[in-house]
Q: 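Starting off with a structure, shown below.
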Amino acid sequence: MMNLLLVFLSVPLMAQNAVNSRAILEKIAPVVSEAGLPPLLFEKTAPLSSPRPVRVSQNANSIGEEGQPLINPRLWSSLKPLPPVMAQWLSKQSLGVDISQIRVMPLAAIESIARTAVAAKDNSLTFMTDSGLTTPHIFYLSRGVCAALFSKYDFGEITLDSGVSKNGRKFQIQAMLVGNNKIYVIYNIDHFEFTQPQYPQYPFILDRIVTYTINGAGDLSVAGIQADAGIVHATLKDIEDAHNGYLQIDTDYGQQFVTSTPISVISLR
C-alpha cells in the first residue's frame with residue numbers, strides 16, 4: 001500500500017504573487033499514478049464536466065457490484081494478536097485505536113492479497129478501500145513486512161518505503177495499521193522532506209504518521225502529506241475514483257484528474 005506517485009509540467013507561479021494551481025496539481029497528480037498527465041486540467045473553481053463512473057476497478061469490488069472483498073472476513077481471526085512489546089509501542093503512538101482489535105499480518109498473507117489484486121488489475125485505491133478494511137478488525141504490518149512488500153509490488157503510492165530526506169536524515173516505514181476504515185503509515189521521523197527519484201521536480205513533506213480514511217469504495221481522505229511547490233505547500237486532501245480509468249486528486253489549491261494504473265509486480269515490469 002505504500003511506495004505511492006508523480007509527473008509534472010514546469011509551469012511557473014503566476015505574477016501578482018498568485019498561485020498557479022496547475023503547477024502545484026501537476027506535482028500532486030503522480031502521487032496517485034505514474035502515468036502521464038491527461039490533457040484536461042481542472043482548476044480549483046472549475047466544475048466537473050463528465051459524469052461520475054459506476055466502476056472503480058476491473059474486479060468484483062467495483063461500485064454497484066456484489067463480490068468478495070480482497071481481504072477475507074475470516075482472515076483476522078486466524079492471525080496472532082500483537083506481542084506485548086508491539087502493543088505497548090503502538091499504545092504510545094496516540095492513534096486512538098483499540099489495541100485488542102489488532103492482529104499481526106504476516107508477509108505470506110498480505111502477498112496473497114496483493115497477488116489477487118494484481119490478477120484482478122486493481123488499482124491502489126481499490127486495494128486501500130477494500131471492504132475488508134471497513135470492519136472493526138485491524139491488521140498490523142511490521143517494518144520487515146512493509147519493506148518486503150514494497151520491494152516486490154508497485155502500488156502507485158504516495159511515498160517511499162524508505163530513503164534519505166532533504167537534510168540527510170534516513171527515513172523508513174516502521175509499521176502500518178490497516179482496518180477499521182483507516183490506514184496508518186508510521187515513519188521513524190517527523191515532518192521530513194524528500195524527492196521521489198523518478199520525479200524530482202517538487203519534494204514531498206510527510207508527517208511521521210500519514211493517515212488515510214476510507215470514505216467509501218474508491219474514496220480516501222488523506223492527512224499528513226504536503227507538496228513543496230516553492231512559496232506554498234499544497235496539502236493533499238482526498239483521492240477518489242472520479243472517472244472510468246481516472247483518479248481525482250483534491251488539494252487545498254485545486255483538483256486534478258490522472259490516469260489510473262493497476263498494481264504491478266516490479267520484477268515483471
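Note that the coordinates shown come from a computational prediction; the quantities given were computed from them, not determined experimentally.
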Q: Group every Ile, Leu, Val, Met, Phe, Trp and Tyr by side-chain heavy-atom contacts under 4.5 Å, then state whether M176 and L82 land in the same group.
A: no
Q: Out of curiosity, L149 CG to I110 CD1, how far, rounded to the nearest 0.5 Å?
A: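 The distance works out to 6.0 Å.
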Q: Quick one: pull up CG in L177 and CG in L141 and give me the separation to the nearest 0.5 Å.
A: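 Result: 8.5 Å between the selected atoms.
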Q: Considering non-hydrogen atoms only, spot the tightest contact between I99 and A87 and give its length.
A: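 Heavy-atom minimum between the residues: CG2-CB, 3.8 Å.
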Q: Hydrophobic clustering (ILVMFWY, side-chain heavy atoms < 4.5 Å, transitive) - are V145 and V104 grouped together?
A: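 Result: no, two separate clusters.
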Q: So which heavy atom on Y184 is nearest to which on V97, and how close?
A: CE1-CG1, 3.8 Å
Q: Could you tell me which non-hydrogen atom of P69 sits nearest to which non-hydrogen atom of G132, and how far apart they are?
A: CB-N, 3.8 Å
Q: CZ/F127 to CD1/I113 distance, rounded to the nearest 0.5 angstrom?
A: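 It is 6.0 Å, given to the nearest 0.5 Å.
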Q: Provide the closest heavy-atom pair for Q172 versus S162 in the form atom of the first, atom of the second, distance.
A: CB-CB, 3.8 Å
Q: Answer yes or no: is there a side-chain heavy-atom contact under 4.5 Å between I249 and E240?
A: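 No. Closest side-chain heavy atoms not under 4.5 Å.
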Q: Please examine the side chains of P262 and N123, heavy atoms only from C-beta on, and report whether any two atoms are closer than 4.5 Å.
A: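 With C-beta onward as the side chain, the pair stays apart.
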Q: With hydrophobic residues grouped by side-chain heavy-atom distances under 4.5 Å, do I183 and Y140 end up in a single group?
A: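 In one cluster with I183: Y140, no.
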Q: Determine whether K237 and D252 make a side-chain contact, defined as any pair of heavy atoms from C-beta on separated by less than 4.5 Å.
A: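 Side chain of K237 against side chain of D252, heavy atoms only: contact under 4.5 Å found.
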Q: Can you tell if the side chain of I71 reaches within under 4.5 Å of the side chain of F139, non-hydrogen atoms only?
A: yes
Q: For S124 and I263, which heavy atoms make the closest approach, and how far apart are they?
A: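 In terms of heavy atoms, the two residues are closest at N-CG1, 3.9 Å.
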Q: Could you walk me through whether N181 and L133 satisfy the side chain to side chain contact (heavy atoms under 4.5 Å, CB included) test, starting with their C-alpha distance in whole Å, then the side-chain angles of each, then the deciding distance to 0.1 Å, before giving a yes or no?
A: CA-CA 6 Å; N181 290 297; L133 299 179; over 6 Å; no
Q: Between I209 and V185, is there shared hydrophobic-cluster membership here, with clusters defined by ILVMFWY side-chain heavy atoms closer than 4.5 Å?
A: no
Q: Using a strict threshold of under 4.0 Å (side-chain N to carboxylate O), is an ion pair present between D161 and R143?
A: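 Yes.
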Q: Roughly how far apart are D228 CG and E193 CD, rounded to 0.5 Å?
A: 4.5 Å
Q: Just jot down the ring-ring contact (aromatic ring centres under 6.0 Å, His included) partners of H233, sequence neighbours excluded, or say none.
A: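 Partners of H233 under the ring-ring contact (aromatic ring centres under 6.0 Å, His included) test: none.
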Q: Who passes side-chain hydrogen bond (donor to acceptor under 3.5 Å, both in side chains) against S165, sequence neighbours left out?
A: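 side-chain hydrogen bond (donor to acceptor under 3.5 Å, both in side chains) list for S165, sorted by chain: N167.
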Q: Show your reasoning for whether side chain to side chain contact (heavy atoms under 4.5 Å, CB included) applies to K182 and T211.
A: CA-CA 7 Å; K182 296 280 188 179; T211 304; 4.1 Å; yes
Q: Quick one: does Q255's side chain get under 4.5 Å of D250's, heavy atoms only?
A: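 Q255 vs D250: side chains touch.
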Q: Could you list the residues that satisfy side chain to side chain contact (heavy atoms under 4.5 Å, CB included) with N215, not counting sequence neighbours?
A: T213, D219, S221, D238
Q: Measuring from atom NE2 of H137 to atom OG1 of T134, what distance do you get when rounded to the nearest 0.5 angstrom?
A: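 Rounded to the nearest 0.5 Å, the NE2-OG1 separation comes to 11.0 Å.
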Q: Can a donor-acceptor pair be found between the side chains of E111 and Y153 at a distance below 3.5 Å?
A: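 Side chains of E111 and Y153: pair found under 3.5 Å.
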Q: Please answer whether the main-chain N or O of I266 pairs with a side-chain N or O of S264 as donor and acceptor at a distance below 3.5 Å.
A: no
Q: Keeping the roles fixed (side chain from R208, backbone from I189), state whether a donor-acceptor pair exists under 3.5 Å.
A: no
Q: With the side chain counted from C-beta on, respond yes when Q226 and L206 share a heavy-atom pair under 4.5 Å apart, and no when they do not.
A: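 Side chain of Q226 against side chain of L206, heavy atoms only: no contact under 4.5 Å found.
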Q: Atom OG1 of T126 and atom CG of L70: how far apart are they, to the nearest 0.5 Å?
A: 8.0 Å
Q: Within the 4.5 Å heavy-atom criterion, are M128 and Y212 side-chain neighbours or not?
A: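 Yes, their side chains come closer than 4.5 Å.
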Q: Answer with yes or no whether the hydrophobic clustering places V164 together with F194; edges join I, L, V, M, F, W, Y residues whose side-chain heavy atoms lie under 4.5 Å apart.
A: no
Q: State whether the side chain of T129 and the backbone N or O of L125 hold a donor-acceptor pair below 3.5 Å, judged by distance alone.
A: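 Yes: the side chain of T129 pairs with the backbone of L125.
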Q: Apply side chain to side chain contact (heavy atoms under 4.5 Å, CB included) to the pair W89 and I186, showing each step before the final yes or no.
A: CA-CA 12 Å; W89 179 77; I186 306 172; 4.0 Å; yes
Q: Decide yes or no for Q88 and S91: does some side-chain heavy atom of the first lie under 4.5 Å from some side-chain heavy atom of the second?
A: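 No, every pair of side-chain atoms sits at 4.5 Å or beyond.
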Q: Identify which one of I205, T235, V210 satisfies the side chain to side chain contact (heavy atoms under 4.5 Å, CB included) criterion when paired with I225.
A: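 Exactly one pass, corresponding to V210.
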Q: Within the distance-only criterion (no hydrogens, no angle test), does the side chain of N180 pair as donor or acceptor with the backbone N or O of D98 below 3.5 angstrom?
A: no
Q: Under the side chain to side chain contact (heavy atoms under 4.5 Å, CB included) rule, what do D207 and Y187 come out as? Steps first, then yes or no, please.
A: CA-CA 8 Å; D207 292 343; Y187 283 92; over 6 Å; no
Q: Anything under 30° is parallel, anything over 60° is perpendicular, the rest tilted; go ahead and classify F155 against F150.
A: perpendicular
Q: Does S78 use its side chain to pair, donor to acceptor, with the backbone of L75 at less than 3.5 Å?
A: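 Yes, because the side chain of S78 sits within donor-acceptor range (under 3.5 Å) of the backbone of L75.
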